[in-house]
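Predicted model only: the values in this text are computed from it and were never measured. Residue indices begin at 1 and follow the sequence shown. Any value given below was found using the heavy atoms of this structure, including those in side chains, with hydrogens, waters and symmetry copies removed.
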Amino acid sequence: MQTDQKINYEGRIQKLLNEMTLEEKAGQLRQCGPSLAGAFGVSFEELVNMMFDGKISKEEFDQQMSSAKQDFREEELRKGLIGSYNGIANAATANRLQKIAIEETRLGIPLLFGCDVIHGLRTVTPIPLAESCAWDVQLWEKTARDAAKEATAAGIHMTFSPMVDVAKDARWGRVSESAGEDVLLNSCYGAAKVRGYQSSDLTAQDSMAACVKHFAAYGAAEAGRDYNRVDMSMQRLFEEYLPPYEACVKAGARAVMPAFNDINGVPCSVNSWLLREILREKWGFDGMTISDSNAIAECISHGVVKDQADAAKRAILAGMDMDMASDSYHQYLADLVRSGEVSEERLNEAAANVLRLKFELGLFDHPYQTSPERERAQLLKPEYRRTAREAAVKSMVLLKNDQILPLPEDVKIGVVGALADDRAEMLGTWAFEGKGEDCVSIVDACRAKGVSFTYINGRKAVTKENGSNQASVTVVDDEAVSRLAESCSVILAAVGEKKEESGEAASRASITIPDEQMEVLKALVQTGKPVVVVLFNGRPLAIPWIAEHAAAVLEAWHPGVEAGSAVLDILFGEANPSGKLTVTFPYTTGQCPMYYAHIPTGRPGGKSKFTSKYLDTPLEPVYPFGYGLSYTSYEYSDIRTVLSEKEVSVCVKVKNTGNRDGEEIVQCYIRDQDAERARPVRQLAGFEKVFLKAGEEKAVSFVIPYEKLGYYNSRMVYAVEAGWFEAAVGRNCMDCLTCRFEYIGE
């Protein structure tokens, strides 16, 4: 932004503040979602709870939703008491409400429309966890740019993305929205998304503001249970959890959303240390903060405020600018200013932060930035679908291959599993505007490709009697499985999670494949035909039996609209898989949280009894962080380090020793071997995606500034200490070449 523009904004902002009433200022800090009327006579939240509690069926829920009317609180809007809406994703509604704000309110201040555009709007790309497995910064930025073009055409000004919560516990459902367990990957991913959403000109009609979430450490919720508390040392918070948010702020993100959780007893929504000292004073953030949905009012449940008025006071004083959904500011803030409990200066500061973002987005000069015609022209464009397919291919990770893949063109396939023919399930979590009809399933892709295949669900309904009662249950359809095996040479089994089994409020105490799917898998393996397992899921799963018995395993995640096409691209070898895991796959749920960058113990696991291990499960994961196979092979050699005045270069040679071209994700790890505080056994320091033709060899170097070798010591001082370090470079965190170097200090 040019300096003269900013000065102009500040003058116009101050003029507006001088003209606004306390209620209008508080109105700018209020974000509403459309409420529903007519659905059982209850609120939307109550209706959702009724469905999940089993009081109504999914069909009844859908029926009520279809008949409910949306209430946009238009009379309150006309009074200047609403500054923003969320959850609105169509141009006609956005323009209608904007027209009221511009033409029928006293001051004509435009509305800000926010929405959860997490991995695409209508052109749904792979879930973030999946896309992170591409280890491709340019791809991350490209998919965000496409999402911004679609979203802004639908009237959206701000997306509640990226989520950069480092997620080390597979039980936590929202690992699906993260870039996995590593701090560096989350930092690179988040910064790329910010650049893609906002582009170089935030006033452009196809740019939207990025709102980074959830600040901070939401991914460290105890027991992997969503909304649970977070308790950790300051050193761990600063080293492992805060850096991705800071990277997004440095990339220019214009909004930050504090987390639901507390940190060491203080909810983030009212945590002035986080919102003022860290975010604004330490990092220099000058954008807008916005609460998560109802989070301010939920401070009552946290037990740190006596009522909602107290919550509003604590939040505004801590540095929370906008209140999403709780109406705490709307109800109490003006009176809190009149009583002197909150200064008008603080209210003005918060309102100015909101107004400034609206100016930066160009809304005051061009409030109607889209139209239904532009919206129709932008959704599901062919080039967006091509990018979605590219992202899906690059995100998939080949976990096992007993020389069965790639499949020959004339192969006869048996396709098994409900997920193979369920388009909507390919969307994954947080894809509200995505439609199943837009998606390509495996069955669809087989038909389009002309593959010789037979599809079965694998289960059938039977009636079982229990005394005088009868119950319908599903069992393995053994006859259909037997016939299928006779008709094909390879069986393709689609298993995993449904989209609602991961994401927000979808924590799991067991991260295994459902029993009914495992029963079908075991029946398929018993036929003697090679079984290729395709996993559709939103989190790492505990799959030791599959890893042992399947002929091949492809981790497809929830891949989006081009799911089936991307799966076949890999299975038939039209694309050479290159994805690598950004999360660890544990052997069993009881190992969670399991992650590669752990602190070593004085008694590391071994054969001796008195070591850190389990009695009933292996110590190592089924698949480690950074793991992923290819249709070619790579050889690493000649690792060495070169030290200069301010940095160390870690160099290695990588050769494609196979017979086809491919991309290898080369990973560099560092360990401080004699630090004051115990350091992680390995920590990702850099990565590079290298294209190598068959037989080609390239030298790869990672330049690591000495400053990056430091950590927070016992006194919470960031220090880079002289001493010995281990550098490791390889194909995953456990399969590396290593060498040591000594940093002698300044």
Task: Listed partners of F260 passing ring-ring contact (aromatic ring centres under 6.0 Å, His included), at least two apart - done: Y227
Indicate every side-chain donor-acceptor pair of residues 425-436 with a distance under 3.5 Å to a residue at least two apart or in another chain.
residue, atom, partner, partner atom, Å
E425, OE1, K499, N, 2.6
W430, NE1, E177, OE1, 3.3
W430, NE1, E177, OE2, 2.7

Open item on the list: Aromatic contact between Y218 and W172, with the criterion being ring centroids under 6.0 Å apart: yes or no?
Closed with: yes
Open item on the list: Test your reading of the model: is there a side-chain donor-acceptor pair from R145 to the backbone of D206, 3.5 Å cut-off?
Closed with: yes
Task: Check against side-chain contact (heavy atoms from CB on, under 4.5 Å), K99 and E104 - done: CA-CA 8 Å; K99 190 172 190 293; E104 299 182 46; 5.7 Å; no
TODO: With sequence neighbours left out, write down each residue that passes side chain to side chain donor-acceptor pair (under 3.5 Å) with E239, or none if nothing qualifies.
DONE: R677, R679
Task: side-chain contact (heavy atoms from CB on, under 4.5 Å) partners of E141, counting only residues at least two apart - done: A192, R195
Open item on the list: Tell me which pairs pass salt bridge (charged side-chain N to carboxylate O under 4.0 Å, His left out) where either residue lies in residues 108-118, with sequence neighbours left out.
Closed with: D116-K213
Task: N/O donor-acceptor pair under 3.5 Å between Y189 side chain and L129 backbone - done: no
Task: Any donor-acceptor N or O pair under 3.5 Å, side chains S199, S207 - done: yes
Task: F215: which of F285, W283, W273 passes ring-ring contact (aromatic ring centres under 6.0 Å, His included) - done: W283
Open item on the list: Just verifying a value: how many Å separate L363 CG and L357 CG, rounded to the nearest 0.5 Å?
Closed with: 7.5 Å
Task: Minimum-distance pair of heavy atoms, taken over all atoms of N186 and A179 - done: OD1-N, 3.3 Å
Open item on the list: Could you work out, with side-chain contact (heavy atoms from CB on, under 4.5 Å) as the rule, every residue matching A130, not counting sequence neighbours?
Closed with: P126, I127, S395, W557
Task: Step-by-step salt bridge (charged side-chain N to carboxylate O under 4.0 Å, His left out) determination, E344 to K25 - done: CA-CA 10 Å; E344 187 168 1; K25 292 174 183 178; 2.6 Å; yes
- [ ] Answer whether the closest heavy-atom distance between the side chains of L111 and L77 falls below 4.5 Å.
- [x] yes
Open item on the list: Strictly distance-based, threshold 3.5 Å: is any side-chain N or O of E24 a donor or acceptor partner for the main-chain N or O of L107?
Closed with: no
Open item on the list: Is the ring pair Y85/F113 parallel, tilted or perpendicular, if the boundaries are 30 and 60 degrees?
Closed with: parallel
Task: Main-chain N/O of D321 paired to T289 side chain as donor or acceptor, under 3.5 Å - done: yes
TODO: Kindly determine whether K168 and E240 satisfy salt bridge (charged side-chain N to carboxylate O under 4.0 Å, His left out), including the steps that lead there.
DONE: CA-CA 11 Å; K168 303 183 181 187; E240 301 178 32; 2.3 Å; yes
TODO: Would you confirm whether T105, through its side chain, and I102, through its main-chain N or O, come within 3.5 Å as a donor-acceptor pair?
DONE: no
- [ ] For the residue pair L333 and R338, establish whether any side-chain heavy-atom pair is separated by less than 4.5 Å.
- [x] no
- [ ] Only counting residues at least two apart or in another chain, list the ones meeting side-chain contact (heavy atoms from CB on, under 4.5 Å) with R229.
- [x] E222, D231, D262
TODO: Test side-chain contact (heavy atoms from CB on, under 4.5 Å) on V212 and V249 and set out the steps.
DONE: CA-CA 8 Å; V212 182; V249 169; 5.7 Å; no
Task: Audit row: R12, E19, salt bridge (charged side-chain N to carboxylate O under 4.0 Å, His left out) steps and yes/no - done: CA-CA 11 Å; R12 294 172 70 180; E19 296 174 349; over 6 Å; no
Open item on the list: Counting only heavy atoms not in R225 (residues, nucleotides, ligands), do more than 12 fall under 6.0 Å from its CZ?
Closed with: no
Task: By side chain to side chain donor-acceptor pair (under 3.5 Å) - contacts of S510 (at least two apart) - done: T512
Open item on the list: For Q205, is there any backbone N or O sitting under 3.5 Å from a side-chain donor or acceptor partner on T152?
Closed with: yes
Open item on the list: Do H214 and P258 make a side-chain contact, defined as non-hydrogen atoms from C-beta onward lying under 4.5 Å apart?
Closed with: no
- [ ] Find out whether N261 and C268 are in side-chain contact, i.e. whether some heavy atom of one side chain is under 4.5 Å from a heavy atom of the other.
- [x] yes
Task: Heavy-atom donor-acceptor pair, S84 side chain to Q31 backbone, under 3.5 Å - done: no
Open item on the list: Checking Y245 against D165: is there a side-chain donor and acceptor pair closer than 3.5 Å?
Closed with: yes
Open item on the list: Can a donor-acceptor pair be found, under 3.5 Å and without considering hydrogens, that links the side chain of S507 to the backbone of D226?
Closed with: yes
Open item on the list: When you measure from the side chain of K79 to the backbone of E74, do you find a donor-acceptor pair of N or O atoms at a distance under 3.5 Å?
Closed with: no
- [ ] Name all residues meeting the side chain to side chain donor-acceptor pair (under 3.5 Å) criterion together with Y329; count only those two or more places apart in sequence or in a different chain, and write none if there are none.
- [x] none
TODO: Examine F536 together with H558 and report whether their ring centres are nearer than 6.0 Å.
DONE: no
- [ ] Not counting sequence neighbours, which residues clear side-chain contact (heavy atoms from CB on, under 4.5 Å) with T159? List them please.
- [x] V117, S161, Y197, M208
Open item on the list: Listing request: all side-chain hydrogen bond (donor to acceptor under 3.5 Å, both in side chains) pairs with a residue in residues 118-128, at least two apart in sequence or in separate chains.
Closed with: R122-D438, T123-E150
Task: Polar contact flag, side-chain donor to acceptor under 3.5 angstrom, Q14-N18 - done: yes
Task: Chi angles and distances behind the salt bridge (charged side-chain N to carboxylate O under 4.0 Å, His left out) call for K193, E131 - done: CA-CA 11 Å; K193 289 297 179 184; E131 197 180 355; 3.1 Å; yes
- [ ] Decide side-chain contact (heavy atoms from CB on, under 4.5 Å) for R171 and R508; before the verdict, give the C-alpha distance in whole Å, the side-chain angles of both, and the deciding distance to 0.1 Å.
- [x] CA-CA 5 Å; R171 295 172 297 180; R508 291 180 59 187; 5.6 Å; no
- [ ] Would you confirm whether E360, through its side chain, and T203, through its main-chain N or O, come within 3.5 Å as a donor-acceptor pair?
- [x] no
Open item on the list: Taking side chain to side chain donor-acceptor pair (under 3.5 Å) as the definition, give me every residue that meets it alongside S326, ordered by chain and number, with sequence neighbours left out.
Closed with: D323, S328
